[in-house]
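In this text the structure is predicted, and so the values were computed from the model without any measurement.
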Amino acid sequence: MDPNVEDQPIAVARANISKLHNAVQLLRRVYFLTSRGTREAAVVPVDLGELIQEVGGPDAAVAILKTHLDDAAT
């Protein structure tokens, strides 16, 4: 596993789960788990995951972030 590459094949992530965990926890990295080159899921620091839950889940978090990005662009 290359900790500098944010896209990680699921099989590689599984084989290196301790390294993945350490990079997410200690370095606060976000990794995308891929299958055949397609992003399938993300591994994020726990505080980000908790905030996503707090605002109502992934769909609500995406809506909030898109609104924020739209406001920042204007």
Y31 side chain vs H21 backbone, donor-acceptor pair below 3.5 Å = no
Joint cluster assignment, V55 & L65, ILVMFWY side-chain distance < 4.5 Å | no
CG of N22 to CE of M1, rounded to nearest 0.5 Å, is 9.0 Å
L20, V44: one ILVMFWY side-chain cluster at the under-4.5 Å cut-off?
-> no
State plainly whether one hydrophobic cluster holds both I17 and I10, where clusters connect Ile, Leu, Val, Met, Phe, Trp and Tyr through side-chain heavy atoms under 4.5 angstrom apart.
-> yes
Treating Ile, Leu, Val, Met, Phe, Trp and Tyr as nodes and any side-chain heavy-atom pair under 4.5 angstrom as an edge, say whether F32 and I52 lie in one connected cluster.
-> yes
Reference residue P45; test side-chain contact (heavy atoms from CB on, under 4.5 Å); the match among L26, V24, L27, L51 | V24
Measure across N4 and R29 and return the closest heavy-atom pair with its distance rounded to 0.1 Å.
-> CA-NH1, 3.6 Å
Which atom of L33 lies closest to which atom of A13, heavy atoms considered | CD2-CB, 3.6 Å
Exceeds 12 heavy-atom contacts within 6.0 angstrom, atom CZ of R39 | yes
Distance-only, no hydrogens or angles: does the Q8 side chain make a donor-acceptor pair with backbone N or O of D2 under 3.5 Å?
-> yes
